[in-house]
Every structure is written in C-alpha cells, then in structure tokens.
Participant: 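Below is the structure I would like to discuss, written out as structure tokens.
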Amino acid sequence: MSRYYVTTPIYYVNGAPHIGHAYTSIAADVLARFKRLQGHDVFFLTGTDEHGQKVEKAAAEAGIDPQTFADRNAARFRDMSARMGISNDDFIRTTEARHKDGCAALWRRLEASGDLYLGHYEGWYAVRDEAFYNEGELTTAPDGRPLAPSGAPVEWVREPSYFFRLSAWQDRLLAFYEANPDFIGPESRRREVTSFVRGGLTDLSVSRTTFSWGIPVPDAPGHVMYVWLDALANYVTALGYPDTDGARWAYWPADVHLVGKDIVRFHAVYWPAFLMAAGIAPPRRVSTNGWWTVDGEKMSKSLGNVVDPLDLAETYGLDPLRYFLLREMPFGNDGTISRRALVARLNTELANDLGNLAQRSLSLIARNCGGARPARGMLTDDDREMLGAAAALPAAMAPAIDRQAFHEALDEAWRVIRAANAYIDRQAPWALRKTDTARMATVLRVLADVLRPVAVALWPFMPASMDRLLDQLGVAPGARDFAALAEELPDGASLPPPQGIFPRHVEPEDGA
RNA sequence: GGCGGCGUAGCUCAGCGGUAGAGCAGGGGAAUCAUAAUCCCUUGGUCGGCGGUUCAAAUCCGUCCGCCGCUACCA
C-alpha cells in the first residue's frame, strides 16, 4: 500500500478562520479521502502557526501572554477543521515541544552543513507582513511615513541575525524545478517562481533578536528563529523529525503541500532550499490555490464582508458548501463566492440532478420491487453503456484529482449523473411496470448499480451525504472504497425507505 | 521597465491548425416515476482590433487596445 502525505498550510493564529482557510482545508480533505478510497496509506496534516512578532503584539494588546492567546485562537482553527469535516490525521501546533525540538534539530543540521552564518541585518521591516523590503518597494503614506507595498507600516531595523545562504541554492533550485516539472502547480505559478529564482536570490535572514516569542536559536541567546523557518518545519516535525527511523518518517517526502497563492514563494523556494541544505528530500509538489472574492469584491475585515464558513455550512449544509467551493472555481484560479451562486449549485446540481435521480430511482424500487434490491436480467446495449460509464468514474476522476483539478473531477461525475437521468427517461421504468416487470427490475437495478460508484466517487467531496445515499443503496459501511466496487451487490437485499439527500434551498420569505 | 497570463454565446468557461463547443440563463416540445424535479429540441458568437504565414487560423507570427499576476527600477 503506497503512502500519501498531504498537508494544508498551518494557519496563523493571529486572525480568525475564514472561508479561505476552510477552502484549502476542504481541498486537502478531498484529496486525502480520495487517496484513501484508492487504497493509499494516507497521512493528512493540518495545524497552526503560533510564533512571531504579530502574535506577541496581539497578545500584549489583549493583555494576555502569547501562549494563552495562541491557545485560544488555535482552538478556533481546530474547531473549524472539525466543523468542516476535515479528516486530518494530526493537528500540529508550533508551540508544541515536539515541534520546537524538531526545529532546533533542523537548525543544527543547517548550521552543520555550513548554510548558516551570523551577520547583521538592517532594512525596512514590516511587522504585519513579517518581511523586509527594499527602499524602492516602499511608498509614502499621507502622513509621510514609509509603507510596504502591502500598505503595512515599516520600520528601520538593524539587528544581528543569522543568515541562510539562499544565494548559493539558486542553480540547484532551478535544476530541481527543471527535473520536476510538476513541483509547482498550476503552471502559471511555476513560471512565476522560476522567473523569480532566475532573477537572483539573496541570503535570507533567519533569526530575530527584537522579540522573544519564537523558538530559541540553539546556543545563541537572544535569537529566535524566523517564523517561516519555524512554520515550514512543521511538515517534518509532525513526522517525528529528526527521528528519521520512526514509523511516521516513512511518509516523507510529502506528496503535496496545498498552499494559498500568497505563500508560494516560501513553499516553492525557501522550503526546498532549507530541506536540500539539511540533506532532506524536498516535497513532490506544491499546489497553489487562489482567492475567493465576495460578490466581486476582495474579502477584507475593513469592508466587513469576510465570509464565515461556519455560517454558510449552517445555512446551506456542510456538504453543499464543500461541493460548491470545489465546483465553482478551478483550483488555482480566483473566484467569486455568493449565496446566490451557492444556492444555484445546490438546487440545480445537488437537489435536481443528483438528489432527484437518487430519489426517483430508489422510490421506484421501494414501491415496485418490495423495497428489495432487484436482480438484473438480460442487459441491453443501453444498460451496458450506462453501467460502463459509471464504473469508469473513479478512474476518470483520478487524474484530475492528482492535478488538484477538483472541478474537472466533479464534471466527470456530473456527466454520468446527467446520463443516468437521460437513461431513466429513455427506459421509463414507470411505464415498464405495467408492461414488463422483469425489464423494469433490470432497469432499476442498473440505476442502483450506477448510483453506487457515483456515491463512492463523490464521497470524498460530500462524505455525510454520500454515506446516506450508500446507506439507502444498501452498501455496507466497510465496502465503500474503489476496490469494493468490483464486487456485485447481492440480489434481493432489503433496502431502507428512501429519503431525500439534498433538499432544495428556498430563501426564507423576507419578513421585513 | 522586464517576464508571464487572460480577452470565445447574456453569465462561467473548454477548445489551441481542418466547416464554432459545454454548463447555466432564454425559447419550444415531451413525459408525469421523482425534491414543480427530468428528458428532447432550440435561439444566440464577424472566437478583443488590425496585419501576416498557410490550401486552411479561435488555434501560429507581428502589432495595438483592455484587464490581471510576478518582478525590477527611477525619482
């Protein structure tokens, strides 16, 4: 059984979870679940990033110590994961001892390889961005103070700092990208990153002395590690690094890190460089997703249009939300989220196409086959074609899933679902009931046998709903993976009474 | 300024050298098993503008216009 390791970014506890966090986590969850159905031994990691000056400041402003602050916000992210149905195998926090110890070990390893040196850094630093900027990148605020391109205030900082010899890794990184064309997805991001690296790399400041909320640099009092070195290391410390003999280490290298487009550089440039310098294999792929805008506008706290995933899940159901997020916008693109679009997908595709297909098929069985799974008689070409398309679905979706093209995978499923609605109309089992009950039974059995692989293949996207459908189809809980589909279900098994899976959403009457 | 992407039906997008496609929306019809759901047919585009290569271009090349991303620099 081959191993598969998928990660979300660890989320920075400085802010509250929003739809963007939920989106990346749901995508990772679908990937993890799909790989498990394929029979892989999956390790799925998420967690929180809790160090750095921003957290220290925010905690101070809240009048509490940083750890208490981090505990509180980490709990919100953990809660979001649970509420979004995320099936992570572990949840790592960068304030945990296992992480701090692993990080220190990684630091020593980089030091031993000669990739770290002590110097001093001075420059314009934006606390909010955790980043230094060149003079030329700055703009001037109305009050005359310098600002980062992001709009964050910057301050002139001069401090002793350890540096990572990133400049020495330029050629090896380029060679690595060349040898691994799928390392960065989508393609457009790969081009951006390689173009950035080709433009030349400067050494990276990897320690700070102006604040203390971080992992101490070994044997260097006053220095704490740069938050990104700290944060990126979570992907290996969660696997037990530096214990590379432990069972978990077998999952390395990661098959895919899912990341938002704002943090590609850290994952696609710094991270492989750190790892190669430490003698650790780089991850296989960094897959980048875009941003959701709200009714066409950027989501921001100041605009007050931040979308709360918990609220949407409560109003429309978790599975419709998960479906919408992965169906509406191609992974990697930016896209617009709106309640209207969500309701349209829910009503048209989930309720009308899939939900109604299941309901009409199952209620025909319930009413005309004594509530038991009918047996197949002789199959027509039409039957065979229908069954073939459904049986081929997992294999048709797999390559899209491997490219994180979730919307394409779903499109494959809907082609089968639409074909099944056409099939049932063509065969008209409600008419056969009066003329040829044996043929009617065959048609209904074909429909049940089409719904089964559809439900299994869609399970990673909408686990609770598809479990309910599989319950109604009489598929045993232990037989809901792709391998189990090869086995035909027994004739005559009694099925539970059908119940709607996706109720249509009707906007409540406006009482005002 | 450099590098790159995008611009195709009302909307979202696929197609990337061989007589314009899908889904949604719009129009007509059928059916009535089903969550007033479904199925069939159909309206609709000079494929951003202009020029070129080719027997043939949405598809290749050049150029212009408009959006967007990354990056650099000037003051």
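Below, chain A is the first sequence line, B the second, and so on; all start at residue 1. Computed from a predicted structure; not experimentally measured.
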Participant: Identify the two heavy atoms, one from A:Asp319 and one from A:Ala464, that lie closest to each other, and give their separation to 0.1 Å.
Facilitator: OD2-N, 3.3 Å
Participant: In whole Å, measure the gap between the P atoms of B:A58 and B:C16 for me.
Facilitator: 14 Å
Participant: If I pick the C1' atom on B:G52 and the same atom on B:G17, what distance separates them, to the nearest angstrom?
Facilitator: 16 Å
Participant: How many Å lie between CZ on A:Arg327 and P on B:C24, as a whole number?
Facilitator: 11 Å
Participant: A:Glu349 has an atom CD; how far is it from atom C1' of B:A22, in whole Å?
Facilitator: 12 Å
Participant: Mind checking if A:Leu362 touches a base, just sugar-phosphate, or nothing, with heavy atoms under 4.0 Å?
Facilitator: nothing
Participant: Report the distance from atom CD1 of A:Ile184 to atom C1' of B:G69, rounded to the nearest whole Å.
Facilitator: 15 Å
Participant: Within the 3.5 Å criterion, strictly below it, is a donor on A:Tyr121 or A:Arg208 matched to an acceptor on the partner's side chain?
Facilitator: no
Participant: I'd like to check A:Thr442 versus A:Arg439 (side-chain heavy atoms, cut-off strictly below 4.5 Å). Are they in contact?
Facilitator: yes
Participant: When we call it a touch if two heavy atoms are under 4.0 Å apart, what does A:Arg189 touch: a base, just sugar-phosphate, or nothing?
Facilitator: sugar-phosphate
Participant: Does the side chain of A:Thr336 pick up a donor-acceptor pair with the side chain of A:Thr293 at under 3.5 Å?
Facilitator: yes
Participant: Given pairs defined as Watson-Crick or G-U wobble with both distances under 3.5 Å, what dot-bracket annotation applies to RNA chain B, with ( ) intrastrand, [ ] crossing, | other strand and . unpaired?
Facilitator: ((((((((.[[[[.)..(..]]]].(((((.......))))).....[[[[[..)....]]]]])))))))....
Participant: Whether the side chain of A:Asn352 and the base of B:A37 hold a donor-acceptor pair under 3.5 Å is what I'd like checked.
Facilitator: no
Participant: What's the CZ-P distance between A:Arg345 and B:G23, to the nearest Å?
Facilitator: 13 Å
Participant: With C1' as the reference atom in both, quote the distance from B:A36 to B:U42 in angstrom, rounded to an integer.
Facilitator: 22 Å
Participant: Tell me what A:Gly199 touches on the nucleic acid: a base, only sugar-phosphate, or nothing, going by heavy atoms under 4.0 Å.
Facilitator: nothing
Participant: Name the closest nucleotide to the A:Asn421 side chain, picking from B:A37, B:C39, B:C33.
Facilitator: B:C39
Participant: Quick test of your reading: applying ring-ring contact (aromatic ring centres under 6.0 Å, His included), list the pairs with at least one residue in residues 381-424 of chain A, sequence neighbours left out, ordered by first then second residue.
Facilitator: A:Tyr323-A:Trp414, A:Phe331-A:Phe406
Participant: Can you tell me the distance, in whole Å, between the CH2 atom of A:Trp414 and the P atom of B:C24?
Facilitator: 13 Å
Participant: Starting at CG of A:Asp425 and ending at P of B:A31, how long is that distance when rounded to a whole Å?
Facilitator: 12 Å
Participant: With rounding to whole Å, what would you report as the distance between B:G48 and B:U35 at their C1' atoms?
Facilitator: 44 Å
Participant: Determine the Euclidean distance between corresponding P atoms of B:U59 and B:G2; express it in Å to zero decimal places.
Facilitator: 24 Å
Participant: Quick check on B:A34: is either OP1 or OP2 less than 4.0 Å from any side-chain nitrogen or oxygen of A:Arg367?
Facilitator: yes
Participant: Regarding A:Asp411, tell me which of base, sugar-phosphate or nothing describes its non-hydrogen contacts under 4.0 Å with the strands shown.
Facilitator: nothing
Participant: Taking the C1' atom in each of B:G1 and B:C13, what is the distance between them to the nearest angstrom?
Facilitator: 33 Å
Participant: Is the shortest distance from a Lys or Arg side-chain nitrogen in A:Arg415 or A:Asp411 to a carboxylate oxygen in the other one below 4.0 Å?
Facilitator: no
Participant: If I take atom CG in residue A:Leu444 and atom C1' in nucleotide B:A34, what distance separates them, rounded to the nearest angstrom?
Facilitator: 12 Å
Participant: I'd like to know if the side chain of A:Asp467 pairs up with that of A:Trp459 as donor and acceptor (distance under 3.5 Å, no hydrogens or angles considered).
Facilitator: yes
Participant: Taking any heavy-atom pair under 4.0 Å as a contact, classify A:Ala422: base, sugar-phosphate, or nothing.
Facilitator: sugar-phosphate
Participant: Under 3.5 Å, is there a donor-acceptor pair linking the side chains of A:His18 and A:Trp292?
Facilitator: no
Participant: Could you pick out which residue, A:Leu357 or A:Leu364, lies toward the 5' side of RNA chain B when each is mapped onto its nearest nucleotide?
Facilitator: A:Leu364
Participant: Want to settle it: does A:Asn333 or A:Phe196 sit nearer the 5' end of RNA chain B, counting the closest nucleotide to each?
Facilitator: A:Asn333
Participant: Need one value for A:Ser363: base, sugar-phosphate or nothing, where a base atom within 4.0 Å counts as base even if backbone is also close, heavy atoms only.
Facilitator: sugar-phosphate
Participant: Checking all strands, does A:Arg504 fall into the base, sugar-phosphate, or nothing category for heavy-atom contacts under 4.0 angstrom?
Facilitator: base
Participant: Could you list all the salt bridge (charged side-chain N to carboxylate O under 4.0 Å, His left out) pairs where at least one residue sits in residues 387-406 of chain A, not counting sequence neighbours?
Facilitator: A:Lys35-A:Asp402, A:Arg403-A:Glu408
Participant: What's the closest nucleotide to the side chain of A:Glu192 if the choices are B:C33, B:C70, B:U38?
Facilitator: B:C70
Participant: Nearest to the A:Arg191 side chain among B:G5, B:G23, B:A37, which nucleotide is it?
Facilitator: B:G5
Participant: Expressed as a whole number of Å, how far does the C1' atom of B:G4 sit from that of B:C40?
Facilitator: 45 Å
Participant: Round to the nearest Å and state the distance from A:Tyr423 atom OH to B:C40 atom C1'.
Facilitator: 18 Å
Participant: Distance check, P atoms only: B:C61 and B:G5, in whole angstrom units.
Facilitator: 10 Å
Participant: How is A:Arg418 classified with respect to the nucleic acid when contacts are heavy atoms under 4.0 Å: base, sugar-phosphate, or nothing?
Facilitator: sugar-phosphate
Participant: For the pair A:Arg480 and A:Asp471, find out whether any cationic side-chain nitrogen is under 4.0 Å from an anionic carboxylate oxygen.
Facilitator: yes
